[in-house]
Amino acid sequence: MSTARVRRYTADQVPIGTVILRMVVGLLVLLFFVAPYVVMLVSSLKSKREILQVPPTFLPEEWHPENYLTMWSTPETPLVQNLISTIIIAVSATLLVLAVALPAAYYTARFRFPGRMVFLFLVIVTQMLQPAVLTSGLFREFQFLGISDTWFAMILINAAFNLSFAVWIMHSFFAGVPKEVDEAAQLDGAGRWTVLTRINLPLVWPGIVTAIVFTFVSCWNEFAASLVILSTAGNQPLSVALTKFVGQYATSWHYVFGVSIVAIVPVVVLFMLIEKRLVGGLTAGSVK
């Protein structure tokens, strides 16, 4: 019996040639996507003269790691304040989206009320609108309210334009949890808030993670609305500050690449942290 199992297992094994081919293809795909970031990293360690020299060189003749120190004190823009602005806007907008989207998604998935489908349709319609299309109107509105050129204005804009996706993605996950789970918890004496936070959230954690990643990355990379709404250099995020190094007659490419690398790092760190949470959420959902 054990021999039959061993034979069946060995017969179903993937040939070593197929394994090697998959590894080679996977490595080529990895190199294809990683290559631009490697070029950015290497170029950020070159001098301004060497980046523009012809013929170009991949590795710098002289390494300049001090570029990552000097770029923080350049006259073009206050990068330290830009980084702080980006973090505050992205994190605050993401938290605001979660605070609104979680109960909205749960309620629309669990209850049938008049106008429910119309509400969901209007939510998804807002996903078709982008801040770049509405920047002039938003600018006039925020001027009237007296909150133009503030972090609060950008937090509201980023939250508003990412709320629809978060509601829809979490709505689908909440709808996938059987209602009997809620009913069983309520029979045990759990209230509606307890059912949401203690019962449903562990089961829909992958959807929450997806909403967090999408919202945070979208807020982190937002450019058009920030360029119009935020006029003070210190209030602008990194996406806008990056353009200050691109001039009409000269461009500090070594700083452009350096700031780009710095802007990528928090997103990469978020994905590294979220990956573990995502696996944990999937496991918790399967057990419950």
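Owing to the predicted nature of the structure, the values given are computational and were not obtained by experimental measurement.
- Remark: L201 CG to F173 CZ distance equals 13.0 Å, nearest 0.5 Å.
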Between side-chain atoms of residues 85-99 and protein atoms elsewhere (two or more places apart, or another chain), which donor-acceptor pairs fall under 3.5 Å?
unit_1	atom_1	unit_2	atom_2	d
S85	OG	Q81	O	2.9
S85	OG	W151	NE1	3.1
S85	OG	G234	O	2.9
T86	OG1	N82	O	2.7
T86	OG1	L238	N	2.8
S92	OG	I88	O	2.7
T94	OG1	A90	O	2.7

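- For the residue pair Y255/T70, the side-chain donor-acceptor check at 3.5 Å is satisfied.
- Between M154 and S226, the shortest heavy-atom distance links the atoms CE-OG, 3.2 Å.
- Between the side chains of S44 and N67, no donor N or O sits under 3.5 Å from an acceptor N or O.
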* To do: Please lay out, stage by stage, how W253 and V256 fare under the test side chain to side chain contact (heavy atoms under 4.5 Å, CB included).
  => CA-CA 5 Å; W253 288 111; V256 171; 4.2 Å; yes
* Asked: What do the steps show when you test Y107 against L102 for side chain to side chain contact (heavy atoms under 4.5 Å, CB included), and what is the final call?
  -> CA-CA 9 Å; Y107 191 84; L102 268 174; over 6 Å; no
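- Contact check for Y68 versus I261: side-chain heavy atoms found under the 4.5 Å cut-off.
- In this structure, L227 belongs to a hydrophobic cluster whose other members, linked by side-chain heavy atoms under 4.5 Å apart, are F223, V240.
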Just distance, no hydrogens or angles: give the donor-acceptor pairs under 3.5 Å from side chains in residues 211-218, sequence neighbours left out.
unit_1	atom_1	unit_2	atom_2	d
T215	OG1	A211	O	2.7
S218	OG	N162	OD1	3.0

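- Note that NZ of K46 is 8.0 Å distant from CZ of F58, once rounded to the nearest 0.5 Å.
- Listed for the E222 side chain is a donor-acceptor partner under 3.5 Å among the backbone atoms of A224.
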* Could you walk me through whether L45 and F257 pass the side chain to side chain contact (heavy atoms under 4.5 Å, CB included) test, one step at a time? => CA-CA 9 Å; L45 299 173; F257 293 135; over 6 Å; no
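- With values rounded to the nearest 0.5 angstrom, R49 atom CZ is found 12.0 Å from H254 atom NE2.
- No option in M71, K244, K48 other than K48 meets the side-chain contact (heavy atoms from CB on, under 4.5 Å) test with S252.
- Taking CD from E141 and CD1 from I147, the interatomic distance works out to 7.5 Å, rounded to the nearest 0.5 Å.
- Between F152 atom CZ and L145 atom CG the span is 9.0 Å, to the nearest 0.5 Å.
- With contacts defined as side-chain heavy-atom distances shorter than 4.5 Å, the pair W220/L270 does not qualify.
- Checking side-chain atoms of N235 against main-chain N and O of L230 turns up no donor-acceptor pair under 3.5 Å.
- Remark: the backbone N or O of L59 is paired with a side-chain donor or acceptor of T57 at under 3.5 angstrom.
- E62 places no side-chain N or O within 3.5 Å of a backbone atom of S47 that could act as its donor or acceptor partner.
- For the atom pair L79 CG and L242 CG, the distance stands at 9.0 Å (nearest 0.5 Å).
- Here the closest non-hydrogen pair linking A105 and V167 is CB-O, 3.6 Å.
- Residues D149 and F142 form no side-chain contact, since every pair of their non-hydrogen atoms from C-beta on lies 4.5 Å or further apart.
- Residue Q53 comes nearest to E50 through the heavy atom pair CG-O, 3.2 Å, listed as atom of the first residue, atom of the second, then distance.
- With S172 contributing its side chain and I169 its backbone, the two residues share a donor-acceptor pair below 3.5 Å.
- Other residues, nucleotides and ligands contribute over 12 non-hydrogen atoms within 6.0 Å of the CH2 atom of W72.
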